[in-house]
Structures are given as C-alpha cells and as structure tokens.
Amino acid sequence: MKLTRALAGASILALAATLAACSSDSGGEATADCPDGVTTLTLLRAENNPPKDEFIAQWEKANSCYKIAVDEVPFDQLATKTQLIGSEDGGPDILEVDGPNTQTFAAAGLLLPIDDYLPDGYADEAVAASVAELSYDGKTYSTGMAQTTLGLYYNKTMLDGLGIIPPTTLDDAWTWDEALKVMQQCQVGDAENPDVFGLAPSAFGNGTAGNAYRDMVILRSAGDPTAAKGSSAYNTYWAIAPEGDTVDGYLNTPEAISAAKVYQSMYQGSTKVTSNEGLPNAFADGKACFDLQTSYLAGNLAATPPDFEWGITPVPYITTPIVHTGDVVLAVSSKTEHPEAAAKFAIDLGIGEEGLAWVASNKSFPSITTTDSQFDYLKDPPLSILNDELVEWGQPRPPSTHFVEYDQLVSEGLRDIAFGADPASALNDTVSKVDDALAR
Amino acid sequence: MAFVTPFLLFLIVFQYIPIGMLVRNSFFDYTLLRPDDQKFVGLGQFERILADPSVTSTFGVTLLFALGVLVLVVPLGFLVAVFLNGRFPGRSIVRTIVFLPVVTSVAVTSTMWLFMLTKNGGLVNSAITGLGLQPVAFLTSIPWALISIIVMSAWQQIGFAAVLFLTGLQSVPDDVIEAARVDGASRARVIFSIILPLMSRTTLFVVITMTVFSLQAFAPAFLMTSGGPEDSTSLVVYAIYNAAFKLQDPGFASALAVAVMFIALVLSGIQSLFLRTKWSY
C-alpha cells in the first residue's frame, strides 16, 4: 500500500514538474535600472528564419529589462504550432507568422493589433503589399521584417553561349511564351532526363511542383486588374472574391484554365522544361538555365558565388505582370501579459534599427520605403530589378482569413496539374474544396 | 497492483482518455483556431464521410496499401524466417541486419527511399538510365507512387514479420517434423503441411499486426509523396492530419479517426475468423 502511494505521488510530482517546465518565465529581481525586474519574453520562431540571434542580442542590450527566450519549430510546422496556441493556456509572447497567415490568426483572436505602438509616419513609409497582407479589419498586426518577391534567375554564361540577352527592365519583361521558348532552347539533353533543365525544379518545400507562392503568379498573370470589375479577367487576377467567401469564378475562369495549360506544358510532353520532382541546388550547380526563385537566392548566390555568371530578369507573365510578396513577420500574441514590450520587440526587429540592420546585412528588401544609404544595393542591377518588381508588380498572396486552407488546397491543385491532371477538372475540384473550407 | 498502477495510469491518460475525447470531438464542428466555438452536429461528420467521394477514395487507397503490404510482408517474412532458422555462419549478424529497418525511424527510412527513388539523380533511376532506359517517375506517377510506398513499407516491416515467424518456427515441436520426415515428407511438404498449419496463430498475429500498421501508416505519404499524385497515395492517417491541421476541420478528422478504428477492429475480427487456429500443440 505504501508503495502504491509512493508511486502515485511520484506520478503526480512528475506531471507537475512537466507542467511547470512548459510555463514561461516572467519577472525577476528588481534592480535600479529595472524596477519591475528582468522580464523574459518568449518568441516562437521558425528554424533558420529571422530574427537572428545576433540582432535579438542587440535588442536585449538596448532593452536591458527584457530577455528573449526563443522556441523554434521547423517552418512547415509553424502555422500548425500557432493554431494550437489557440487551444492552450499561455504560450509565446511574440509569434513568428508566415505573412499571408496574419489575417487568419488575427481574425481568430490570436494576435493583438499594434497600431498604438507604431512610429509616427509608418503609414506613409510602409510598402503597400505589406499593409494589405498584415492588416485586418482596419488594424495593423505586424510591420513585417524583410519583404520578398520572385525573380527569374538565369545562368548568364549559358545564355551568352546561345546569344540570348534576357530583359533588364520591367517594361521589356518576357511573356511566358517567350520565356518558355528560351528555356527549351537552353535545355540540354533528352526532355525526360535532361543534363541541364530549362527551368530548375521548385526549391520550395520538398521540391515537388505546386507551390502557391511561386506558381500561382502564372495563373494570376492571365488576369487583368484593369478589366471591368467582376469580369472573368479581373477575377482571375485577384484569385479570390473581395469578401473572401468564394473562389468560384476566380480560380476556374477560362483565363486561369488557359494559364494552367501553359503551366502544365512546363512539366509535361514535348514542351517540358522542368521536373515536378525536386533537385536541390539545381541552379547553383549549373544544372538549370533558369530558376524562378525568391529574392533570398540573390543573397545566397552573392554569399557563395557559383562558378558561372548569373543575372535576374523580371518574372514572365501572360497578360499582366505580377509577383507575390510576403515573408515571415513578427506579431504579438493576444495571450501575452506584456503587450507593450512584445510590440516594441516586434516593431524594432521589423522596421527598427535592429530589423533594418538585419535586412541590409542579408541584402533583402525592407518592408518600408527608405532612403537609408545601407540599402543602396537596391539601386543597382540585379537587385534593382527585384526591388522594382516589388514596388510596381507586388501583390500579397490572396488575402483571406482562411489562407492556411487556401494555400494547402491551391498548392495541391497546382501539383496535380503539374503531374498531368486535366487543368479544368483540377481547378474546378480545387474550387469546390476551397469553397467548402471558406464556408466553414 | 502497485507495479501495474503507473502503467495503468499511463494507459488511461495517454490511450483511453484521448480515445474518449476523440469520439466526443467527432460529434462537433469546430476549428483549432477557435476551439471553444464548438457546434454539436451529432452524426453530421460521419454523414460527411459517407457523402465525400475523396474520403471513399482515401479509404480505398489505404486498403490497397494494406493489401499490398500484406501480400509482400507475410510470405517474404515467412521465407526469411525459414532462412534465418537454418544454421549458417554469421547467422546472428544476418538476423540483426534483417531486423535493422524495423528499429530505424520511419522518417529516416522514408527520406532514404525518397532519395533512392527520386527521378532526378535518384539511385534507382541512375541505374535505370545507366542501362539506357528512360527514368521512371516512381513517386510522381500513377500507379508507381502507391507501389513505391508499399515496397518501402514492406521492406521496413519484413524484419518484424520474420522475427515473429522465427519465434513461431522455433516453437513447432521437432518430433512432429521428424515424424513427417520419417514418413518420407519432402522439405516443401513439411513446410506447407506441417509447419504452416501449426503456425496459424503466429500468422494470424502477423496479419493483424501488419493490417493495423498499414492502416496507421503516415510517414510514407507525408514525406515521400505528399499524398499525390492526384490523391493516389493519400493514406487515411495523412488525410486525418490534413483535415485537422491544414484544413482546420478537427471534428471531421476525429470522425475519420473513429472510422479507422472501427475498420481496424472489423478487419481484425474477420481475419481472426478466417485464420483461427485449428490445431493446438
């Protein structure tokens, strides 16, 4: 009997210890500089993503009454982990969120608006795409950190050999028809098993085709935002109803289906220029002439130069040029007991000194317009092309309070098209699934 | 009782209470983002399961997967066990090698097979193109994707089945086998007429274990094929994961999980009925 009690007691103690270990540390001994003690704020961050430890340390030095404890998860698990916080007691003070999910989490009450803490003049300086993506119901939930966009990277050494000079300005950007012809010309070897791909396989996720951030721009570019409101071309460009309640008549328009056929031709048949399976570092390894990649690739190529010359040309389009924007952002959890400090951290690491220093060191794009000389690299090619795209063509992924579901289902639909499914059937099927999700 | 209490506690806390919560959640419609905003829908989630053709397809794929795994694992596991039951140099090492995939994380084996089977520079396709043939889209074409994850899963589980069969083989009485040999039975006849019938309990256990394992399989679909192409490898647990965590539909996911549990019980019952032992020794 004594042993039973002892075991039961040990079990309860173990459970209590486990629960205690999950709680965040807050407060501390009062000092002259910190009358309320040193407070630890918890940050949920995706692995290998900003804010980097070096810049967090800088912030801690400047705000000595606060410490930041980082809890990391793989990027693929970030949205899932954030969702689960809704059903937990407590949780991190600051949440890293993939930009387009901001509205989803704001609508669910997981985030706090930060309007009261924003610096004066923020609204005038913010990049329009960031505001569209990171606001909900008239309130701002994040300033963003870096902005990203897409560029069509090319192997200049290979193209020089073929006498091909890609466009260097947005006005001269290729259409997809033109780009695909060049990609076919540049491809080396049998289309089923080329030595050099015309276009590098996707580097998103596990490399499988069908990433909404990258591939949806092809479909959206078949639309026209200057067409009559509500017309098929207009709806194709926006890819979701303005109220966010349906994609029927937006994702399955004749223009979108036609664009999906162009998309499929990149992966199937005699016109194929890429693979629906991944090939890590295909571009950097010289196994692809072109790569449709985020602006981060420019930083990587600059840091680790490949053994060939490279350049960036604007992303091709069908009717209207468009690039997706967005990156991970910092937002304040509605469960924090320190909203002011958490907001200060999120803003400082976004558009404050520490945030801009990271953006500049990474040769990325700030989410505010700035003339600061540390961003002079944005004025010269090839990065100026990405910057011009961001400002002139940039659009967030279709804003929705159901973006998590939208992203998953649209990516699956695009993947099926790349794998050979009938484009019209696949898009109609996707519309049906997305509308079911939006209705919930 | 004192020794059992901790295990009972763990069983109740980590098995029975979650199952109870699962069944309860299957009667509600809610999202993980707003878990308190629940709507009681009675059997509504189960009606959705019956009405949704993609769910029917997912269960069909999972049953095909289970069948494929069984067809490969049971006979091959038995043959490997017969081989391992013999006397040969390095037997312990070979037994360890055969069992190694079982104790290796399925995430590791799935990733390893992903690298082997990928079309772009994968080991298998390199060998195929080396022979002058066209590469095969093992993971991105129908029906190769399903076949590939069946083969990978079978490869991982054959060692487990072999160990179970080996235990069964070693418990078959030697005198029965010797008597058969004295009566002139060939080696094959001894296996099929004496050993296999006497091992029906072991076979039943292997079949049920492998069926349940197949119904629970998740990593191959998640890591190797993402359920594609066109949902041809969308195993039911992968569909449950997607419904709960990607599509914000945990009530529906719970109903799917209850349905899987029910199907596993029914299949196990049917298998017990058809494979029940007729002999005791």
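Below, all heavy atoms of this structure are taken into account, side chains as well, without hydrogens, waters or symmetry copies. Chain identifiers are assigned alphabetically (A, B, ...) following the order of the sequence lines, protein sequences preceding nucleic acid strands; residue numbering begins at 1 within each chain.
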inquiry  = Need one label for A:Glu277: side chain, backbone, both or neither, based on atoms under 4.5 Å from any heavy atom in chain B.
reply    = both
Point-to-point distance, once rounded to the nearest 0.5 Å, from CG of B:Leu247 to NE2 of A:His402 = 11.0 Å
note = So, the part of A:Asp429 with a heavy atom under 4.5 Å from chain B: the answer is neither
query = chain A heavy atoms under 4.5 Å from B:Leu223: which part of the residue, side chain, backbone, both or neither?
reply = backbone
message = Need one label for A:Phe197: side chain, backbone, both or neither, based on atoms under 4.5 Å from any heavy atom in chain B.
response = side chain
task = Would you mind telling me which of A:Gly413, A:Gly278, A:Gly420 has the largest number of heavy-atom pairs within less than 4.5 Å of chain B?
result = A:Gly278
inquiry  = Taking B:Ser226's backbone N and O only, do any of them form a donor-acceptor pair with A:Arg415's side chain (distance below 3.5 Å, no angle check)?
reply    = yes
request  = Would you mind checking which part of A:Ala107 comes under 4.5 Å of any heavy atom in chain B, side chain (CB onward), backbone (N, CA, C, O), both or neither?
outcome  = both
Per-residue contact mode, B:Asp36 against chain A (heavy atom under 4.5 angstrom) = neither
task = May I have the step-by-step check of side-chain contact (heavy atoms from CB on, under 4.5 Å) for B:Phe245 and A:Leu84, ending in yes or no?
result = CA-CA 9 Å; B:Phe245 298 115; A:Leu84 294 174; 3.9 Å; yes
query = Would the number of heavy atoms belonging to other residues, nucleotides or ligands and lying under 6.0 Å from CZ of B:Phe40 be above 12?
reply = yes
ask   = Could you state the interatomic distance from OG1 (A:Thr80) to CG (B:Leu32), rounded to the nearest 0.5 Å?
value = 8.5 Å
Exercise: identify the closest heavy-atom pair between A:Leu279 and B:Asn120 = CD1-O, 3.7 Å
message = Any carboxylate oxygen within less than 4.0 angstrom of a Lys/Arg side-chain nitrogen, looking at B:Lys246 and A:Asp407?
response = no
ask   = Is the count of non-hydrogen atoms from other residues, nucleotides or ligands lying under 6.0 Å from B:Trp144 atom CH2 greater than 12?
value = no
inquiry  = Run the salt bridge (charged side-chain N to carboxylate O under 4.0 Å, His left out) test on B:Asp231 and A:Lys433 for me, step by step, so that the C-alpha distance in whole Å, both residues' side-chain angles and the decisive distance to 0.1 Å come before the verdict.
reply    = CA-CA 13 Å; B:Asp231 291 338; A:Lys433 288 176 179 172; 3.7 Å; yes
request  = Evaluate the side-chain contact (heavy atoms from CB on, under 4.5 Å) criterion for residues A:Gln83 and B:Thr31: first the C-alpha distance (whole Å), next the side-chain angles of each, then the deciding distance (0.1 Å), finally the verdict.
outcome  = CA-CA 9 Å; A:Gln83 290 167 34; B:Thr31 72; over 6 Å; no
note = So, the part of A:Pro194 with a heavy atom under 4.5 Å from chain B: the answer is neither
ask   = With a 4.5 angstrom heavy-atom cut-off, which part of B:Phe252 approaches chain A: side chain, backbone, both or neither?
value = neither
ask   = Take atom CE in B:Met261; do more than 12 heavy atoms of anything else shown fall under 6.0 Å from it?
value = yes
inquiry  = What part of B:Pro135 gets within 4.5 angstrom of chain A, counting heavy atoms only: side chain, backbone, both, or neither?
reply    = side chain
key: Side-chain (A:Asp416) to main-chain (B:Glu230) donor-acceptor, under 3.5 angstrom   = yes
query = For chain B, which of A:Ala426, A:Ser275, A:Ala437 has the most heavy-atom pairs under 4.5 Å?
reply = A:Ser275
task = Taking side chain to side chain contact (heavy atoms under 4.5 Å, CB included) as the test, write out the residues that go with B:Thr225, two or more places apart.
result = B:Leu139, B:Ala145, B:Ile149, B:Ala221, B:Thr233
inquiry  = Are more than 12 heavy atoms, taken from residues, nucleotides or ligands other than A:Lys272, located less than 6.0 Å from that residue's NZ atom?
reply    = yes
ask   = Measuring from B:Thr129:OG1 to A:Asn193:CG, what's the distance to the nearest 0.5 Å?
value = 5.5 Å
message = Would the distance check show the side chain of A:Arg440 and the main-chain N or O of B:Gln248 forming a donor-acceptor pair, the cut-off being under 3.5 Å?
response = yes
key: chain B contact via A:Leu409 - which portion, at a heavy-atom distance below 4.5 Å   = side chain
